[in-house]
Amino acid sequence: MSETPLLPVLRRLIAEQGPISVAAYMALALGHPRHGYYMTRDPFGLRGDFTTAPEISQLFGECLAVWCALSWDAMKRPLPINLVELGPGRGTLMADLVRTLDRIAPDLARGAAIHLIETSPVLRAKQEAALEGRRVAWHEALARVPAGPLLLIANEFFDALPIRQFLRAGEGWRERLVDWDEAEQRLVFRAGLELPGTVPPALAAAPDGSVYETSAVATALADEIGMRLAAAPGAAIIIDYGRRAPAAGDTLAAIRDRQKDADPLAAPGEADLTAHVDFAALVETLTRARARGWGPITQGGLLRALGIEARLAALAARANPAQAERLKLGARRLIAPEGMGTLFLALAATSPHLPAPPGFESQTPR
Ligand code: SAH
């Protein structure tokens, strides 16, 4: 257990209010205004704690530009349109995306109002630098973006949203809580009171000790995206790692220096915390809000459908041998099954009258 600056804050909170939910722990560890992981640092890049698809290769943002341009065509090219990204990190994805739109869909590039949803001041500054010269607005929440036609992207955003965890204990389920252990002088997990009816029927037979996860924040966001797509033409794409169907499993993980911490409570505020995204729950919420949900499909499948291989060949033909090799390795990491190709999934949502978005043609809408 490290004595991080956030630890005394958590101890005081627990002393005053009793054990806190995993969701409250996660929200504070990532988003505490002074000591939260994302609020104090830039975790990306080669020396950072982790790296993401847009940081690996420009091809990722270029492919998503193709996705946006084709989705915009399918909506009959409404202008102006809000181009929204949730949790843009260093701004690399949006920079690659709009640079590509300049070339393949200049009307969209000119008529799109870029809205970035970001809580971290450190990362906002990075995004500002990456998008210098563009018209960009920043918001703390999607609710602040004006109504109207919408293109929305979110890469590795939903996995950072707080989850609650429930533990199977005998016949019932108890919420898993975070408590301070005075004897051991460290944060520990503890089971709370028994809860009735919080778990889907599919998990009725889960064995003792099983963990079930939910995210109220993710659900609320999916609901908001769905309502916007139902009210005006639009398309959204969410890419992340997670599960396709409801399943038991403790997926809360802490990542520090590119390594998984054995204990997610060991270094609050100094390790990234993530959990698998529940794609089935997102689809259900989107469709309940009257949008159409598509997929999820694999990231590899999506990028191939968007022409990553042809684009790689075109770029490699113009590059020197070392650059060409780097481009090929990057593309491989994005699409190969032993890389991110099948581990990462892409879920799309559209307005109800729209056809399958690019890459999702083989999917039945929900
Ligand atoms: N999409 C980027 C970064 C993913 S990391 C990429 O692919 O590289 C998660 C991002 O979401 C960071 O920018 C983080 O600061 C932001 N973030 C995390 N929780 C957030 C919240 N509740 N509201 C807004 N932004 C959040």
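Order of listing sets the numbers, starting from 1, for every ligand and every atom in it.
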Please work out, at 4.0 Å between heavy atoms, whether the side chain, the backbone, both, or neither of T52 comes within that distance of ligand 1.
side chain
Starting from atom 17 (N) of ligand 1, locate the nearest protein heavy atom and write down its residue, its atom name and how far away it is, to 0.1 Å.
F157 CE1, 3.9 Å
Can you tell me the protein heavy atom closest to atom 4 (C) of ligand 1 and the distance?
E156 O, 3.2 Å
Suppose we measure from atom 22 (N) of ligand 1 to each protein heavy atom; which comes out shortest, and what is that distance?
L161 CD2, 4.0 Å
Looking at R174 and G192, would you say the former's side chain and the latter's main chain have a donor-acceptor pair under 3.5 Å?
yes
For L123, state whether at least one heavy atom is located under 4.0 Å from any atom of ligand 1.
yes
Among R90, E55, E118, which residue places a heavy atom closest to atom 16 (C) of ligand 1?
E118
I'd like to know if the side chain of S21 reaches the main chain of R164, judged simply by a donor and an acceptor atom lying under 3.5 Å from each other, with no hydrogens or angles considered.
no
Looking only at distances, please establish whether an N/O atom of ligand 1 is found under 3.5 Å from an N/O atom of Q127.
no
Tell me the protein heavy atom at minimum distance from atom 18 (C) of ligand 1, and give that distance in Å.
Y38 CD1, 4.1 Å
shortest atom 2 (C) of ligand 1-to-protein heavy-atom contact is with G87 O, 3.3 Å
Below 4.0 Å from any atom of ligand 1, is there a heavy atom belonging to G31?
no
Are E309 and R304 ion-paired here, with the side-chain N under 4.0 Å from a carboxylate O?
yes
Take atom CD in E361; do more than 12 heavy atoms of anything else shown fall under 6.0 Å from it?
yes
What atoms of ligand 1 come within less than 4.0 Å of a heavy atom belonging to S120?
15 (O)
Tell me, which protein residue and heavy-atom name are nearest atom 7 (O) of ligand 1, and how many Å apart are they?
N155 ND2, 2.8 Å
Can you tell me if CZ on R144 sees more than 12 non-hydrogen neighbours from other groups inside 6.0 Å?
no
May I have the step-by-step check of salt bridge (Lys or Arg N to Asp or Glu O under 4.0 Å) for R186 and D181, ending in yes or no?
CA-CA 5 Å; R186 64 185 182 96; D181 189 311; over 6 Å; no
At under 4.0 Å between heavy atoms, is it the side chain or the backbone of T119 that contacts ligand 1, or both, or neither?
both
Can you confirm whether R41 is buried at CZ, in the sense that more than 12 heavy atoms of other residues, nucleotides or ligands lie under 6.0 Å from that atom?
yes
Does the pair D272/R256 count as a salt bridge with the N-to-O cut at 4.0 Å?
no
Quick check against the 3.5 Å criterion: does R292 have a side-chain atom that pairs as donor or acceptor with the backbone of L354?
yes
Per-atom contacts of ligand 1 with P54, taking only distances under 4.0 Å to non-hydrogen atoms
6 (C), 7 (O), 8 (O)
Within 45° of the six-membered ring axis of F279 and under 6.0 Å from that ring's centre, is NZ or CZ of R244 located there?
no
Look only at interatomic distance and state if G89 has a nitrogen or oxygen under 3.5 Å from any nitrogen or oxygen of ligand 1.
yes
